Chemist: 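Dropping a structure here in structure tokens format, bear with me for questions.
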Amino acid sequence: MKNKISRRQFLQAAGASAAALLLASCSGNSASSVSSSSVASSAAASVAASSEAASSAAASSEATSTVTTTGKTLVVYFSATGTTEGVAQTIADTVGADLFEVVPSDPYTSDDLNWTNNDSRVSREHNDEGLRAVALESTDVDGWDDYDTVFIGYPIWWGIAAWPMSSFVAVNDFTGKTVIPFCTSTSSGIGQSGDLLAELADAGTWLDGQRFSRGSSEADIASWVNGLNL
């Protein structure tokens, strides 16, 4: 004989099945929600890591592309009476340059510099080019190769650079250097003095020079130097 199920038993069984299905559904949704949350968190972490890596790479690239120049500036000068020395000192102070004085082995006296006397030393040297190869105490500059920019200063003698400076230029290598001549004189301009020194050096990039009088102020000199945009 078959067992019969009462209506009450059937409804209880159906209710239990529905509850089981609902619980299973809720459990499934919960698992899905956890899984989605986990994926989202993982994706966010990946994006953050990528962003951090990109920022690090950019910073590294920026650091690599930054170039710091370390070229130095030197002011070389010959001064017969102190006027050129004063200009050289102002230039050095303005740009933070080093100084090198060209000193003849046999220094010029005030009588030697009397160009109005045909028998004075400078007059004899002017009249006989063979006497212009003036010996210097030193032509060697410590760390010469480290200087990218060199100012060359001298008084004007008979329209050209005082020849002790020629003695210095002739024995030094100006390859790769920017050279800026400047001169002092009572009335003469710079003329071709810088060009003649450039021909003698036969190396380096020589810029146009500047002439200063005894009355030139430090402000005038500094203004010229700053205008070079070194």
Side-chain angles (χ1 to χ4, degrees), residues 67-108 125 129 132-185 188-214 216-230:
V67 178
T68 303
T69 58
T70 58
K72 299 167 62 178
T73 300
L74 176 69
V75 180
V76 178
Y77 71 94
F78 164 67
S79 187
T81 64
T83 302
T84 307
E85 181 178 24
V87 176
Q89 185 66 64
T90 299
I91 293 174
D93 291 342
T94 302
V95 297
D98 295 329
L99 283 167
F100 181 86
E101 182 179 8
V102 172
V103 181
S105 298
D106 182 12
Y108 288 86
E125 290 172 344
E129 291 188 18
R132 298 183 194 175
V134 178
L136 305 177
E137 286 190 353
S138 176
T139 57
D140 297 326
V141 179
D142 290 340
W144 173 255
D145 292 339
D146 297 331
Y147 293 101
D148 290 343
T149 304
V150 180
F151 286 85
I152 296 289
Y154 48 85
I156 291 290
W157 288 356
W158 281 274
I160 63 175
W163 26 94
M165 182 55 71
S166 297
S167 296
F168 175 87
V169 170
V171 298
N172 279 283
D173 183 8
F174 289 84
T175 301
K177 301 185 187 301
T178 297
V179 189
I180 309 166
F182 66 94
C183 70
T184 58
S185 71
S188 301
I190 193 168
Q192 293 185 315
S193 62
D195 295 333
L196 293 174
L197 289 176
E199 290 179 8
L200 183 61
D202 195 30
T205 300
W206 289 67
L207 306 185
D208 292 336
Q210 180 70 21
R211 173 254 180 187
F212 296 99
S213 67
R214 183 183 295 274
S216 296
S217 67
E218 292 184 0
D220 292 335
I221 299 167
S223 176
W224 170 68
V225 175
N226 289 329
L228 297 172
N229 297 319
L230 298 177

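Just so we're clear, the structure is a prediction, and the values are computed from it rather than from any experiment.
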Chemist: Identify the heavy atoms of A161 and S193 that sit nearest to each other, and give their distance.
Modeler: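 Heavy-atom minimum between the residues: N-CB, 3.6 Å.
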Chemist: If you take all heavy atoms of R214 and T81, which pair is closest and at what distance?
Modeler: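 Closest approach of R214 to T81, heavy atoms only: NH2-OG1, 4.1 Å.
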Chemist: If only side-chain N and O atoms count, and only distance matters, is there a donor-acceptor pair under 3.5 Å linking T178 with T149?
Modeler: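 There is no such pair between these side chains.
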Chemist: Could you give the distance from CD (Q192) to CD1 (I160), rounded to the nearest 0.5 Å?
Modeler: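 The CD atom of Q192 sits 11.0 Å away from the CD1 atom of I160.
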Chemist: Mind listing the closest non-hydrogen atom pair of I156 and S185 along with its distance?
Modeler: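 Smallest interatomic distance, heavy atoms only, reads CB-CB, 3.9 Å.
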Chemist: Hey, does the side chain of T94 reach the backbone of T90 with a donor-acceptor pair shorter than 3.5 angstrom?
Modeler: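 It does hold such a pair.
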Chemist: Is there a side chain to side chain contact (heavy atoms under 4.5 Å, CB included) between Y147 and V141 once you walk through the steps?
Modeler: CA-CA 10 Å; Y147 293 101; V141 179; 4.1 Å; yes
Chemist: To the closest 0.5 Å, what do you measure between CZ (F78) and OG (S166)?
Modeler: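 The distance works out to 11.0 Å.
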Chemist: Is S105 reaching over with its side chain to a backbone N or O of L136, donor-acceptor style, under 3.5 angstrom?
Modeler: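 Yes, the answer is positive, given that a donor and an acceptor are paired below the 3.5 Å cut-off.
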Chemist: Look only at the side chain of N172 and the backbone of T139, and say whether a donor-acceptor pair between them is shorter than 3.5 Å.
Modeler: yes
Chemist: One pair to check against side chain to side chain contact (heavy atoms under 4.5 Å, CB included): Q89 and V75. What are the steps and the verdict?
Modeler: CA-CA 8 Å; Q89 185 66 64; V75 180; over 6 Å; no
Chemist: From D208 CG over to I190 CD1, what is the distance, rounded to the nearest 0.5 angstrom?
Modeler: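 Rounded to the nearest 0.5 Å, the CG-CD1 separation comes out at 8.5 Å.
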Chemist: Give a yes or no on whether E137 atom CD has more than 12 heavy-atom contacts from other residues, nucleotides or ligands under 6.0 Å away.
Modeler: yes
Chemist: Got a donor-acceptor contact below 3.5 angstrom from the T83 side chain to the S79 backbone?
Modeler: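 Side chain of T83 to backbone of S79: no pair is present.
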Chemist: Evaluate the criterion side chain to side chain contact (heavy atoms under 4.5 Å, CB included) for residue pair Y77 and E101; output intermediate values, then yes/no.
Modeler: CA-CA 5 Å; Y77 71 94; E101 182 179 8; 3.5 Å; yes
Chemist: Over all heavy atoms of both residues, which pair between E125 and R132 is shortest? Give the atoms and the distance, please.
Modeler: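 Heavy atoms of E125 and R132 come nearest at O-NE, 3.0 Å.
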Chemist: Which pair of heavy atoms, one from A88 and one from L99, lies closest together, and at what distance?
Modeler: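 It is O-CD2, 3.7 Å.
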Chemist: Using modelled atom types and a 3.5 Å cut-off, is there a donor and acceptor pairing between side-chain atoms of W144 and backbone atoms of D173?
Modeler: yes
Chemist: D142 and D98: side chain to side chain contact (heavy atoms under 4.5 Å, CB included), yes or no, with the steps?
Modeler: CA-CA 11 Å; D142 290 340; D98 295 329; over 6 Å; no
Chemist: I need the minimum non-hydrogen distance between F212 and V87, along with the two atoms involved.
Modeler: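 Nearest pair, atom of F212 first, then V87: CD1-CG1, 3.8 Å.
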Chemist: Please identify each residue that fulfils ring-ring contact (aromatic ring centres under 6.0 Å, His included) with F100, with sequence neighbours left out.
Modeler: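 Checked F100 against ring-ring contact (aromatic ring centres under 6.0 Å, His included); matches are F168.
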Chemist: For S167 and V134, indicate whether the former's side chain and the latter's backbone hold a donor-acceptor pair under 3.5 Å.
Modeler: yes
Chemist: Given Y154 and W163, is the ring pair (Phe, Tyr, Trp, His ring centres under 6.0 Å) satisfied, shown in steps?
Modeler: CA-CA 9 Å; Y154 48 85; W163 26 94; over 10 Å; no
Chemist: To the nearest 0.5 Å, how far apart are OG1 in T205 and NZ in K177?
Modeler: 11.5 Å
